[in-house]
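A short worksheet on the structure shown next.
Everything numeric here is computed off the predicted structure, so don't read it as measured data. Numbering starts at 1 and runs along the sequence shown. Every number for a ligand or one of its atoms is a count from 1 in the order of the listing.
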Amino acid sequence: MPGDLFRSPVIIAIVVAVLIPLVATIFSYNKKPKLRSVEVKVGGEAGHTRRNHRFLSLIETPWEGANTLAALFEQACSKYPKRPLLGSRTLIKSETEVSKDGKKFEKVTFGDYVWITFDQAFQRAQNTASGLVALGHDKEEKIAIFAETRPEWLIALQACFRQNFTVVTIYASLGEEALAHSLNETEATTVICDVKQLQKIIGMSSHLKTVKRVVCMDEENQRLDTNLSGKTNWNVSSFSQLEKLGRDTPSEPRLPAPEDLAVIMYTSGSTGMPKGVMISHANIVSTVAGVMTAVPELNHNDVYIAYLPLAHILELAAEVTMLAVGASIGYGSPLTLTDISNKIKKGTKGDVSVLRPTLMTAVPAILDRIRDGVRKTVDAKGGAAKKLFDLAYRRRLAAIEGSWFGAWGLEKLFWDALVFKKIRGVLGGRVRGLLSGGAPLSADTQRFINICFGIPIGQGYGLTETCAGATFSEWDDISVGRVGPPVPHCYIKLVNWSSGGYLVTDKPMPRGEIVIGGPSVTLGYFKNQGKTDEDYKVDERGMRWFYTGDIGQFHPDGCLEIVDRKKDIVKLQHGEYVSLGKVEAALSVSPMVDSIMVHADPFHSYCVALVVPSQSYLEKWAKQSNVQYKNFEELCKNKEAEKQIVQSMAQVAKEAKLERVEIPAKVKLLPEAWTPETGLVTAALKLKRENIRKTFADELKQLYE
Ligand SMILES: *[C@@H]1O[C@H](CO)[C@@H](O)[C@H](O)[C@H]1NC(C)=O
Ligand SMILES: *[C@@H]1O[C@H](CO)[C@@H](O)[C@H](O)[C@H]1NC(C)=O
Ligand SMILES: *[C@@H]1O[C@H](CO)[C@@H](O)[C@H](O)[C@H]1NC(C)=O
Ligand SMILES: *[C@@H]1O[C@H](CO)[C@@H](O)[C@H](O)[C@H]1NC(C)=O
Ligand SMILES: *[C@@H]1O[C@H](CO)[C@@H](O)[C@H](O)[C@H]1NC(C)=O
């Protein structure tokens, strides 16, 4: 690599060193930020509401007539009949490797992508739909799809829509109890699954009273059949048998209406059983319409890598959007994504190397992994290569953080060619945009991906209840830590949350609970009117609003930033929830603790705590342990004292059966009591989190260093 550097003429060096910073400074001088959303008058609760700057009114469909997913699919298929739609790789070999310590790993070798066209996908969906009717699935009954992401998933989904069957989806990671709950609550009679999930549901068949038919996407089900008979009275068939059955006994389609229920999507609740979110056809097509405008120049030449779970609204919305514009969807999996992914046999190619996608979606955990992988490779190389990489990275970071011009100028071309081109090969070399959602992305990772892969990241914010994205950052916005303006199919309203201290009248930015309104706001929770009434409101103009419980603020350019959560429940980096209040209640039982505030940063995997220790207990312990100190303040800074408090908390935590991640890994001891006068607690001695966080911002920062 360094050889290329010296091939480049001296001129480039001069341009880099002198001209570009100069021109960049001139251009960035006094440049006002672009306005990305504007305030708008709406109905419902008073607040500060904004809409996307490009559209006067909310858009509801991607084009006229595409008002259900069934219509959208049929029209896309007739528009792009011969283009490739769904691709998957053929398995060449699967072998088991044994590592030195005796662990077994499955390693696979995959071949090229094999594609079916829009036309063929439509035929298969049509046949599958007829097959379901022939199997005896009744029009009022629900069908559950329970499988890893693959072409048959999308075909099954479209098949159900062609017969106006409602589909039930469940996160595969939710566990058996949640699975039984969702199948039972929806009284699903047909389950379409892969062989891995089939094994799971066979194991729990005695709890699945409503299931009558099972369709397995893998042919291996034949092997399982023999085991099944006697255990259950299910009618088990394979997907290809189902398609053949439909081909032999065709049925007329029974197309849904926009307001009909398309999907009941079960998502993890932070407490208790998962909730089924009722998503209508109108909800999803409005999301598709919005996402189509948010991704610049999205068209039928795009190739999308599909590997996130389709039971997640982010992936479902993304794939349906690709289909709507005639793009190609190539399937992969998180474990086979790149050449160095765990399941890929060394020396063979990962999914993205073969597919060379132009677009992908990712959740922050995956982007963090990619970043760490690149860093590791660079560090392993060491020497001149690492020095050059570090220099290039620093230059690019300074440029991006300095000005827009510097971000995309000549110097970028220079470093890209010299250093970053090779890194881009990791994702196939053609990715032109990345969609991130599901959790907040750390600024560090966002910058790393921006620079090394040279691709913009569209960060979205949304929930299953709002049918995915409600905001989406624009590609020319290179700021970090924000989630962009409202998408063109949603209004975002901030409403006062006085008890939490967030007001829409706050300066310099309006703050408050985020409320989302528009055609993508879903119908509510299945068989849970109480919770639906709590979280959803319909205003006097008939618009639906969802109260997210998240706290946000609008920047002057109209972009949203998520700043807090109303319910003090924090999802840590690896997805575990920590309920701050619950943990505090448990830990304050310790006689060593006078006051405690647990703090959890979603960008880290552990939580920390600010503790006002009991002076008498701590001093007693100090005496017993021969710890010398001048005053209580000094004692609080003593590392041994800290250790003692952590130990004492760990003990009560164990008795209270807290999870490991819920126990603060580090504490900061504070000598001064929290009284209402200090403004840190209410008159009833309830914590004022925001004030405490602000007062001890430095201490909290140190705890995470
Ligand atoms: C929000 O609360 C502030 C302070 O109490 C008040 O001045 C303002 O009118 C409230 N705004 C709305 C929209 O309710
Ligand atoms: C399942 O149902 C279909 C359609 O009614 C029937 O043809 C098939 O024989 C059944 N299979 C089993 C294993 O019962
Ligand atoms: C299934 O639902 C019924 C009522 O709809 C309930 O009585 C039963 O306990 C549920 N079973 C499971 C396993 O959740
Ligand atoms: C069939 O069931 C038996 C015991 O229930 C089990 O040992 C065996 O692995 C099963 N066979 C298959 C193909 O799953
Ligand atoms: C679709 O199915 C639902 C539930 O069975 C039904 O209420 C609705 O009327 C159906 N839609 C159409 C257009 O037939």
If you look at every heavy atom in Ser237 and Leu135, which pair is closest and at what distance? OG-CD1, 4.2 Å
With heavy atoms of Glu140 as the reference, note each atom of ligand 5 found under 4.0 Å away. 5 (O)
Return yes if some donor-acceptor pair links the side-chain N/O of Gln120 with the main-chain N/O of Thr117 below 3.5 Å, else return no. yes
Please confirm whether Arg254 comes within less than 3.5 Å of ligand 5 when only nitrogen or oxygen atoms on both sides are compared.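 By distance alone, the answer is no.
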Rounding to 0.5 Å, atoms SG (Cys467) and CD1 (Ile279) come to a distance of 5.0 Å
I'd like to know if the side chain of Asp533 pairs up with that of Gln529 as donor and acceptor (distance under 3.5 Å, no hydrogens or angles considered). yes
Side chains of Asp550 and Tyr461, donor plus acceptor under 3.5 Å: yes
Just list the N/O pairs, ligand 1 to protein, that are under 3.5 Å apart, with the distance for each.
from	atom 1	to	atom 2	distance (Å)
ligand 1	2 (O)	Asn496	ND2	2.2
ligand 1	11 (N)	Asn496	ND2	3.1
ligand 1	14 (O)	Asn496	ND2	3.3

Tyr547 six-ring face occupied by Lys537 cation (under 6.0 Å, within 45°): yes
Checking Arg50 against Tyr491: charged group under 6.0 Å from the ring centre and within 45 degrees of the axis?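 Geometry flag: not set, cation outside 6.0 Å or 45°.
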Hey, is Leu255 one of the residues with a heavy atom under 4.0 angstrom from ligand 5? yes
Salt-bridged, Asp539 to Lys493, with N to O below 4.0 Å? no
For Asn235, the ligand 2 atoms with a heavy-atom partner under 4.0 Å come out as 1 (C), 2 (O), 3 (C), 8 (C), 10 (C), 11 (N), 12 (C), 14 (O)
